[in-house]
Structure formats: structure tokens, C-alpha cells
Colleague: 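Take a look at this one; I'll ask things after.
As the structure lists them, so they are numbered: ligands from 1, and atoms in each ligand from 1.
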Amino acid sequence: MRMVGLTGGIASGKSTVSSMFKLNNIPVVDADVIARDALKKGSGGYKKVVAAFGPDILQDDGHVDRLKLGRIVFSDAAKRQLLNRLLAPYISSGIFLEILKLWMKGHKVIVLDIPLLFEAKLDKWTKPIVVVWVDPETQLHRLMARDNSTEEDARNRINAQMSLDLKKSRADIVIDNTGSLQDLEERFGEVLLQVKRPLTWTEFWLSRDGALSALLGVIIGVLVVKKIF
Ligand SMILES: CC(C)(COP(=O)(O)OP(=O)(O)OC[C@H]1O[C@@H](n2cnc3c(N)ncnc32)[C@H](O)[C@@H]1O)[C@@H](O)C(=O)NCCC(=O)NCCS
Ligand SMILES: Nc1ncnc2c1ncn2[C@@H]1O[C@H](COP(=O)(O)OP(=O)(O)OP(=O)(O)O)[C@@H](O)[C@H]1O
């Protein structure tokens with residue numbers, strides 16, 4: 001199985017690219033969705049986070065006030081690290097479970113959309129790594145427009161992540177999303193061809209069909225050897 005890493009900066013366009021993969025029948029594991037589940041009221045992650053940050057981060061209905069928690073952690077590196085540490089086991093096991101489900105269904109190519117792919121050192125499990133890049137001005141404006149946030153909040157969120165230029169330097173494939181959506185679609189078409197090229201042997205053996213073929217080969221081998229001796 002080929003596990004394509006999809007990452008970038010906040011509001012650089014990962015979800016937009018992710019939707020394009022889904023439209024082309026390539027399944028996507030979305031780490032943001034898994035992280036949201038990890039913070040759902042009553043979950044293990046929720047209990048740990050509320051114990052560490054206190055009931056002030058809760059809304060009246062007991063759900064986490066994400067805007068409030070975001071303001072706290074995106075302006076304080078120590079608190080952000082604490083939140084990351086508390087949620088990391090739930091997020092990584094959630095990602096693993098989703099990969100396993102897709103593996104069992106026999107998918108050959110899947111995409112892992114993980115904003116913190118490099119920061120969480122998950123990049124070693126994915127190949128190729130696709131980084132969605134935008135210039136800093138565009139990133140700031142798109143983030144403020146999408147989240148209806150102040151410039152200060154938006155800058156805090158951008159600065160909470162590894163620099164987008166550093167991510168770009170570690171990519172196998174870069175998608176420059178500074179242009180229009182039409183430009184993005186054109187570039188995506190080229191990237192799709194690369195992502196869908198035939199599997200290498202290693203990728204094949206890691207797929208469900210490859211693993212089953214290997215198992216079948218071993219069983220046949222054992223039976224043949226038993227018959228000979
Ligand atoms: C702080 C929280 C509650 C803010 O929620 P909010 O709904 O405002 O943002 P959302 O979850 O949609 O995230 C938006 C983007 O913020 C960035 N981001 C999220 N968490 C982090 C983080 N810990 N460090 C840096 N950037 C982050 C990502 O680019 C993400 O795509 C939330 O982001 C969270 O629980 N973060 C910790 C979990 C995590 O690490 N998520 C990233 C998955 S790899
Ligand atoms: N090429 C583009 N032209 C104009 N707007 C765009 C383009 N690409 C994405 N956008 C818009 O920019 C915003 C950010 O994009 P998107 O939500 O895909 O980013 P993201 O990287 O997934 O963000 P996050 O890290 O917060 O999950 C969205 O409002 C999206 O509609």
C-alpha cells in the first residue's frame with residue numbers, strides 16, 4: 001500500500017486538495033477529524049484535557065470551547081505542547097485504525113492528511129510527501145477570511161507551526177497554491193498522475209493483496225517441501 005503524506009501550513013489548502021483526492025476515489029485519512037473526535041465530550045482525550053486545562057475551557061453544555069482552547073494554546077507554546085502531548089496517543093491510534101480499515105478493504109493508494117506530519121515525526125511512514133505551499137501574505141489573508149479571525153489570532157496560529165518553507169524543502173512534491181482554484185486543479189492533475197503511478201514491489205507487499213499473496217506463497221512452499229521430503 002502506498003501511504004501518501006499530505007501536509008502544509010494552516011489554511012495553505014490541504015483540505016481543498018484532500019477533497020480533490022476524494023473526488024478521484026482516493027481515500028483520505030483526515031487527522032483534523034480524528035483530533036476532533038479525540039476531544040469529544042466524554043472521550044478519554046476530553047477527560048485528560050479538561051483535567052489539565054480546567055473547566056474554563058468548557059461551554060455551558062460541557063463541550064470543549066474550541067475557539068477558547070485555540071486562543072490559549074496558539075499563544076502559549078508550553079500549553080500547546082501540553083495539549084499535543086495529551087492528545088497524541090488518541091490521534092495516532094485513531095490514524096492507525098483508519099489506515100487498518102482501508103488496508104483491509106484492499107486500497108492500494110491512500111492519503112494521510114496530517115497538518116503536523118513533520119512536527120509529529122510521522123513523515124517517515126509516508127511516501128511521497130506532498131506539501132501544499134502558499135506565500136505568507138496569501139496564507140494570512142485566506143486564514144483570516146475563512147475563520148473570520150483577527151490578524152493577531154491568525155498570526156499566532158501560523159507561528160505555532162513549523163515554517164512552511166522548511167516543510168517545502170522536505171517535500172517530495174510541492175503544490176504551490178498561491179494562484180487561483182483553477183491553477184490548483186491543473187497542478188493537482190499532474191500530482192495525481194505521480195501519486196497513481198504503479199506501486200513499487202515494497203508497496204505491493206505492504207498492500208492487503210500483496211500480503212495475502214506472500215502468505216499463499218509460503219503455504220504452497222511448505223506443502224511442496226512436505227511432499228518432497
Ligand atoms: C486547539 C484546537 C482545539 C483548536 O480547534 P479549532 O477548531 O479552532 O481548529 P482545528 O482543529 O480545525 O485546526 C485547524 C488547524 O490548526 C492547526 N493546528 C491544530 N492543532 C495544532 C497544533 N497543536 N499545533 C499547530 N497547529 C495546529 C492545523 O493546521 C489545523 O488544520 C484544535 O486544533 C486541537 O485540538 N488541536 C490539538 C490537536 C492537534 O494536534 N490537531 C492537529 C492534527 S495533526
Ligand atoms: N487556490 C485557492 N484560491 C482561493 N481560495 C483558496 C484556494 N485554495 C484554498 N482556498 C481557500 O483558503 C482557505 C483555506 O483552505 P483549506 O481550508 O483547504 O486549508 P487547510 O490547509 O486545510 O487549512 P487547515 O490547516 O486549517 O485545516 C479556505 O477558505 C479555502 O476555500
Colleague: List for me each residue that meets side chain to side chain donor-acceptor pair (under 3.5 Å) alongside W103, sequence neighbours excluded, and say none if there are none.
Modeller: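 So W103 forms no side chain to side chain donor-acceptor pair (under 3.5 Å) with any residue.
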
Colleague: Any atoms of ligand 1 less than 4.0 Å from a non-hydrogen atom of V73? List them with their elements.
Modeller: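 Atoms satisfying the 4.0 Å criterion: 1 (C).
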
Colleague: How far is atom 35 (O) of ligand 1 from its nearest protein heavy atom, and which residue and atom is that?
Modeller: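 So the nearest neighbour among protein heavy atoms is L39 CD2, 3.6 Å.
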
Colleague: Show me, pair by pair, the donor-acceptor contacts under 3.5 angstrom made by side chains of residues 109-121, not counting sequence neighbours?
Modeller:
| residue | atom | partner | partner atom | Å |
| --- | --- | --- | --- | --- |
| D113 | OD2 | S18 | OG | 3.3 |
| E119 | OE2 | M162 | N | 3.1 |
| E119 | OE2 | K167 | NZ | 3.1 |

Colleague: Nearest heavy atom to atom 40 (O) of ligand 1: which of I95, I57, L116 does it belong to?
Modeller: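 The option holding the nearest heavy atom is L116.
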
Colleague: Near ligand 2, which protein residues have a heavy atom under 4.0 Å away?
Modeller: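 For ligand 2, the contacting residues are G9, I10, A11, S12, G13, K14, S15, T16, D32, R142, R146, N177, G179, S180, L181.
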
Colleague: What protein heavy atom is closest to atom 32 (C) of ligand 1, reported as residue, atom name and distance in Å?
Modeller: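 Looking at atom 32 (C) of ligand 1, the protein heavy atom closest to it is R66 NH2, 3.6 Å.
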
Colleague: Quick check: closest heavy atoms across R80 and V73, and the distance to 0.1 Å?
Modeller: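 Taking every non-hydrogen atom into account, NH1-O, 3.0 Å.
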
Colleague: Find the distance between CD1 (I57) and OH (Y46) and round it off to the nearest 0.5 Å.
Modeller: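 Nearest 0.5 Å value for the CD1-OH distance: 8.0 Å.
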
Colleague: Does atom CH2 of W205 have more than 12 heavy-atom neighbours from other groups under 6.0 Å away?
Modeller: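 Above 12, so yes.
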
Colleague: Can you name the salt bridge (Lys or Arg N to Asp or Glu O under 4.0 Å) partners of D172, sequence neighbours left out?
Modeller: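 Partners of D172 under the salt bridge (Lys or Arg N to Asp or Glu O under 4.0 Å) test: K127.
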
Colleague: Which residue and atom name correspond to the protein heavy atom nearest atom 37 (C) of ligand 1, and how close is it?
Modeller: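 That would be L83 CD2, 3.7 Å.
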
Colleague: Under a heavy-atom criterion of less than 4.0 Å, does R36 contact ligand 1?
Modeller: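 In this structure, R36 qualifies as a contact of ligand 1 - some heavy atom is under 4.0 Å.
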
Colleague: Give, for atom CG of L206 and atom CZ of R2, the distance between the pair rounded to the nearest 0.5 Å.
Modeller: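 One gets 11.5 Å once the value is rounded to the nearest 0.5 Å.
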
Colleague: Check whether any side-chain N or O of Q139 sits under 3.5 Å from a backbone N or O of G9 as a donor-acceptor pair, and report yes or no.
Modeller: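 No.
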
Colleague: I'd like to check which ligand 1 atoms, numbered from 1 as shown, lie under 4.0 Å from a non-hydrogen atom of Q161.
Modeller: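 Reading through ligand 1 atom by atom, the close ones are 17 (C), 18 (N), 25 (C), 26 (N), 27 (C), 28 (C), 29 (O).
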
Colleague: Consider only side-chain heavy atoms of I, L, V, M, F, W and Y, link residues closer than 4.5 Å, and tell whether L83 and I91 are in one cluster.
Modeller: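 Yes.
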
Colleague: Could you check atom 41 (N) of ligand 1 against the protein and tell me its nearest heavy-atom contact, residue, atom and distance included?
Modeller: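 For atom 41 (N) of ligand 1, the nearest protein heavy atom is A35 CB, 3.7 Å.
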
Colleague: Under a 4.0 angstrom heavy-atom cut-off, which atoms of ligand 1 come close to N84?
Modeller: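 This gives 22 (C), 23 (N), 40 (O) as the contact atoms.
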
Colleague: Can you confirm, on distance only, whether ligand 1 has an N/O atom lying under 3.5 Å from any N/O atom belonging to R157?
Modeller: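 So ligand 1 has an N or O lying under 3.5 Å from an N or O of R157.
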
Colleague: Side chain or backbone, does R146 bring an N or O within less than 3.5 Å of an N or O on ligand 1?
Modeller: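 No, no N or O pair falls under 3.5 Å.
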
Colleague: Can you find a side-chain donor-acceptor pair between T178 and D176 that sits under 3.5 Å?
Modeller: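 Yes, D176 and T178 have a side-chain donor paired with an acceptor closer than 3.5 Å.
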
Colleague: Against heavy atoms of D32, which atoms of ligand 1 measure under 4.0 Å?
Modeller: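 Listed by number with element, the hits are 30 (C), 31 (O), 42 (C), 43 (C).
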
